[in-house]
Amino acid sequence: MNNGWAQTASEAIPDPQTLLNYRCASNLSTQQANAVLSPNPSFVRVLAGPGSGKTHVLVSRVQHLIEDENVSPENILCITFTNKAAKELRNRLERTMGADVSRAITAGTFHAVAARILRKHVEKVHEALERTADFTIYDSDDSKAVVRDILVEKLGQTKKSAAPLPMKNFISSAKSSMKTSVNVNARTAMDSALRMKARGGSSNSDVDDDDRRRKSSSSSSSSSSSSLSSSSAGIALLREQFDIVWSEYEQKLREANSFDFDDLLSAVVYLFENRRDAKRYLQNRWSHVLVDEFQDTSLAQYEMIRHLGEKAETLFVVGDADQAIYGWRGAEVANIRSRFDDDFRNAQTFRLTTNYRSTATIVSAARAVIQQSEIPSALMSWDAIKEGGQDVAVVEAGDEREEGAFIATQVKQMLKDAEKKTNSSSTGGSSNGNRDDSLEGLRKKDIAVLYRTNTQARALEEAFVRAGVPHVVVGDQSFYGRKEIKDLIAYLRVASNSSDGVSLRRVINTPTRGIGEKTVEKLEEWVSRCEAPSLGAALFDRAWAKNSDSDDPDHEILPSAKDMGITARARNSVLAFAKTLIEIRKTADTVSNPGEVLKKVVAMTDYENHVKDKDDANERWGHVAELIQLATDAEENLAENDIEGGGGTNTTSKSPKTTLAAFLEGVSLLSSSEATHGNEMFDDEEDESRKERADAVKLMTLHASKGAEFDVVFIAGCEDGLTPSARANESAEERDEEVRLFYVGVTRAKKKLYLCHASTRRRFGSKPEVRTRSPFVDAIADALGQSGNSNILKPKVPKSAKPARKNTSTFDWKKRIVVDAEESASGGGAGGHGDDEKARRLRRARQSVAKATGIDANSIEF
DNA sequence: CTGGCCTGGCTTTTT
DNA sequence: GCCAGGCCAG
Ligand SMILES: Nc1ncnc2c1ncn2[C@@H]1O[C@H](COP(=O)(O)OP(=O)(O)OP(=O)(O)O)[C@@H](O)[C@H]1O
């Protein structure tokens with residue numbers, strides 16, 4: 001560490017010649033190069049608008065550290081907002097610096113990095129956390145299940161009246177608004193959550209709405225947006241419930257040797273606060289820390305960075321307060337606005353003021369949007385370098401199907417035009433200066449359709465399938481949400497961590513084996529009677545036996561039926577289950593490939609038969625096969641991501657258990673990996689067919705689009721009440737977050753932006769509702785309309801865009817294909833009575849390709 | 001205990 | 001228009 005500590009920004013700037021050389025070599029503006037080259041030790045904050053090259057600067061900084069400063073890649077930690085972004089960052093580094101480098105740096109989300117830290121260090125804080133290295137990560141569904149059980153068991157609610165989701169969200173708010181939730185009592189947690197809600201984030205009326213509903217279930221007043229949260233009665237009731245739920249929830253997760261998402265961060269912060277040795281170790285390990293999208297960090301995340309950054313050579317954070325869109329889940333803009341500056345007194349701030357991404361027209365549109373903020377943003381000067389033209393279109397459709405049809409047809413047309421242009425190989429841009437609106441060479445992956453709510457994806461996807469345009473729904477959770485997938489994952493979880501109660505209970509009677517609800521209840525009573533730490537321990541590890549002499553080879557797995565308080569018949573079923581799981585666990589302990597373990601699970605449980613009973617047998621079995629494939633491939637991918645591997649000191653050869661735990665961690669944390677699959681991942685690949693498959697139009701939420709960019713962007717559902725959401729309308733902060741969200745969406749577009757809205761839209765399956773155009777679109781129309789020649793196009797929605805054969809074809813949602821009425825009738829239940837194996841496999845393959853390519857399943861040839 | 005059929009509640013946004 | 005939970009017959 002040299003003495004350059006107290007440098008001011010201007011002193012820190014490298015000499016002009018170096019700067020110039022560097023700029024030329026790496027394609028950076030002066031502003032950007034200044035940030036990139038800031039000498040170590042450096043505490044840098046880059047504040048800049050969309051498309052100004054923040055991520056570009058962050059990547060360049062990494063490159064600079066490695067190439068010019070001789071920093072070892074192992075010592076670099078990059079934190080991104082999504083797993084997708086982490087992967088992209090790795091890809092970019094791989095392209096410029098090779099696979100060895102990109103593999104050696106640590107890149108991941110806060111949660112992924114926290115999980116890795118804990119795998120190695122949790123047991124150092126065992127006294128407080130009571131977790132071991134093979135802990136399970138509970139996803140939202142798992143947490144919800146835990147809360148539901150508590151509501152039913154401890155608060156005497158029925159399964160139906162219980163509303164676990166708002167309570168779970170409230171717990172999550174509490175956790176993300178504190179530095180750490182470890183050892184915090186219910187009262188403190190609740191106060192913290194309430195403060196966060198009051199500060200502006202999101203509405204907290206959900207919890208109270210629920211209480212109200214339960215109390216007076218007859219009145220279905222839907223228009224009640226008045227928040228009961230401010231009423232002391234509401235608070236009191238909530239507090240009463242929360243007191244019980246909070247401590248019970250924490251207890252249950254401890255018993256299950258599990259962390260929820262928020263716990264991962266809390267646990268790491270607790271570790272840093274209490275174990276200097278671990279903190280030092282990690283500070284040394286990652287002496288260079290870089291964080292993208294810093295405006296959306298929570299307090300716990302900020303703390304993680306603060307601890308790691310204390311001794312860092314480089315602490316480099318990048319963000320834009322105008323793009324903060326996660327206030328509703330506890331992100332605090334103050335982290336980038338002021339906290340960073342306050343805590344790191346010698347921090348330098350760099351600003352970037354050029355937008356390299358979008359045309360001037362799109363930049364103007366974006367400006368018009370952000371000016372809608374009620375609490376004005378400190379919008380910095382910010383200019384486009386790309387000349388503008390008629391780049392923004394407003395499209396009105398009759399309803400959501402027509403909207404989808406328009407988008408899909410328009411996409412198809414643009415792709416066709418682009419191909420024509422490319423083929424006729426026009427010898428170059430007729431001199432129109434900086435204006436590059438040619439969509440020549442436009443590829444499907446350069447097009448995105450963005451929307452506010454996930455449900456909108458349905459109509460849009462249907463339109464793309466009908467039009468035969470290949471597409472991916474980014475962030476689609478549906479695969480991991482499937483019953484058969486959850487079942488099998490639950491088996492793996494129990495094998496990995498037998499304390500995992502949620503998974504054990506899911507699996508104990510799937511496939512059904514005569515262990516019903518009553519039996520499970522009795523088993524639980526038995527577990528507490530014999531003071532075993534968990535049901536899993538009692539069933540598989542003889543934790544019911546008082547004497548610990550379990551080495552006796554003749555010992556019984558379970559005691560007598562009488563001791564267990566169940567019938568002999570039930571005991572037989574339970575014993576068979578226990579044996580099955582012990583066997584599976586043995587495999588998991590010795591075989592390092594998760595796919596092999598899965599195969600064992602399927603074999604031991606006769607899962608194929610279980611699946612074959614159902615009518616969607618082929619479909620389901622196909623998913624099982626897919627999961628096995630995924631798990632089989634996982635082993636090699638996981639090797640890349642080991643944080644302790646490259647450090648030099650600890651080259652632990654990975655045990656099968658570690659590999660399995662890592663695979664499961666991946667499943668919980670990065671279920672959006674599917675999306676990455678369809679992206680740039682295979683873009684450099686030789687294999688043309690893979691490349692072809694990776695090229696698809698992207699459908700995603702506005703939230704998921706953060707950080708990305710596309711030549712052509714469609715924003716669907718630009719209607720008041722949807723975008724902006726009617727549910728984020730209780731405070732200026734909430735409304736402003738909607739403004740910023742739309743701003744993010746608009747600024748994803750490089751060349752063309754289509755703002756689509758429907759004059760009527762169906763909610764659920766009911767009657768179409770009349771909708772009005774979003775005020776955001778009005779603002780853009782006003783702003784662009786004034787600027788002389790109207791830059792707004794108004795394409796006609798062609799009537800032919802409507803699906804032609806409305807009555808003869810239906811859309812099969814499970815398979816995502818259009819099914820002809822006749823064919824589906826004659827094809828029977830597609831169950832394949834007389835089908836020989838070959839035909840069945842072919843059909844399955846067609847269906848999965850149909851989804852990825854958008855081609856009608858029946859027309860696919862192999 | 002199991003499975004099939006019926007009902008109501010639901011839709012912001014995500015690691 | 002979907003899914004989880006409830007209800008009921010075997
Ligand atoms: N100096 C430069 N010259 C030319 N193009 C640049 C330059 N810097 C960045 N770009 C390009 O501008 C685009 C936007 O860059 P980048 O994604 O890094 O911006 P960002 O600030 O992270 O945006 P956002 O805030 O929207 O995520 C990219 O396509 C990038 O290649």
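Here is how names work: the chains are called A, B, and so on, in the same order as the sequence lines, proteins then strands, and each is numbered from 1. These figures come from a predicted structure and were not determined experimentally.
Where A/Arg513 and A/Leu741 each meet DNA chain B at their nearest nucleotide, the meeting point lying more 5' is that of A/Arg513.
Put simply, A/Arg569 has no side-chain N or O that comes within less than 4.0 Å of OP1 or OP2 on B/dC1. For the OP1/OP2 pair of B/dT14 and a distance below 4.0 Å, the side-chain nitrogens and oxygens of A/Asn454 include at least one atom meeting the criterion. The side chain of A/Ser668 places no N or O atom within less than 4.0 Å of a non-bridging phosphate oxygen (OP1 or OP2) of B/dT15.
In this structure, the NZ atom of A/Lys168 is 12 Å from the P atom of B/dT14, given to the nearest Å. Straight-line distance from the CG atom of A/Leu165 to the P atom of B/dT11: 7 Å, rounded to whole Å. In this entry the distance linking CD of A/Glu521 with C1' of B/dC1 reads 14 Å, nearest Å. If you measure from atom CG of A/Asp296 to atom C1' of B/dT13, you get 11 Å, rounded to the nearest angstrom.
Shown here are the salt bridge (charged side-chain N to carboxylate O under 4.0 Å, His left out) partners of A/Arg505, two or more places apart in sequence or in another chain: A/Asp149, A/Glu524. Residues satisfying the salt bridge (charged side-chain N to carboxylate O under 4.0 Å, His left out) test with A/Glu153, not counting sequence neighbours, are A/Lys252. Legend: residues meeting salt bridge (charged side-chain N to carboxylate O under 4.0 Å, His left out) with A/Lys168, ordered by chain and number and at least two apart, are absent.
You'll find that the side chain of A/Tyr326 is closest to B/dT14, out of B/dT14, B/dT15, C/dG5. Out of B/dT15, B/dT14, B/dG3, the shortest distance to the side chain of A/Thr512 is found at B/dG3. With distances taken from any side-chain atom of A/Thr519 to the nucleotides C/dG5, B/dC1, B/dT15, the minimum falls on B/dC1. Which of B/dC10, B/dT13, B/dT15 sits closest to the side chain of A/His703 comes down to B/dT13. The side chain of A/Thr455 lies closest to B/dT11, out of B/dT14, B/dT11, B/dT15.
Using the six-membered ring where Trp is involved, A/Phe479 and A/His623 have ring planes that are perpendicular, over 60° apart on the 30 and 60° scheme. Using bins of under 30°, 30° to 60° and over 60° for the plane-to-plane angle, the ring pair A/Phe135/A/Phe259 lands in the perpendicular bin.
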Between N or O atoms, less than 3.5 Å apart, protein on one side and nucleotides 7-10 of chain C on the other: list the pairs.
none

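Among the heavy atoms of the strands lying under 4.0 Å from A/Asn509 are primed sugar atoms or P, OP1, OP2 only; no base atom is included. Residue A/Arg740 is classed as having no contact, given no heavy-atom separation below 4.0 Å to the nucleic acid.
Evaluation of the salt bridge (Lys or Arg N to Asp or Glu O under 4.0 Å) test over residues 714-726 of chain A, restricted to residues two or more places apart or in two chains, returns A/Glu719-A/Arg761, A/Glu719-A/Arg771. For residues 735-745 of chain A, the pairs satisfying salt bridge (Lys or Arg N to Asp or Glu O under 4.0 Å) are A/Glu374-A/Arg735, A/Arg452-A/Glu738, A/Glu737-A/Arg740, with sequence neighbours left out.
You won't find any donor-acceptor pair under 3.5 Å spanning the side chain of A/Thr82 and the base of B/dT14, going by distance alone.
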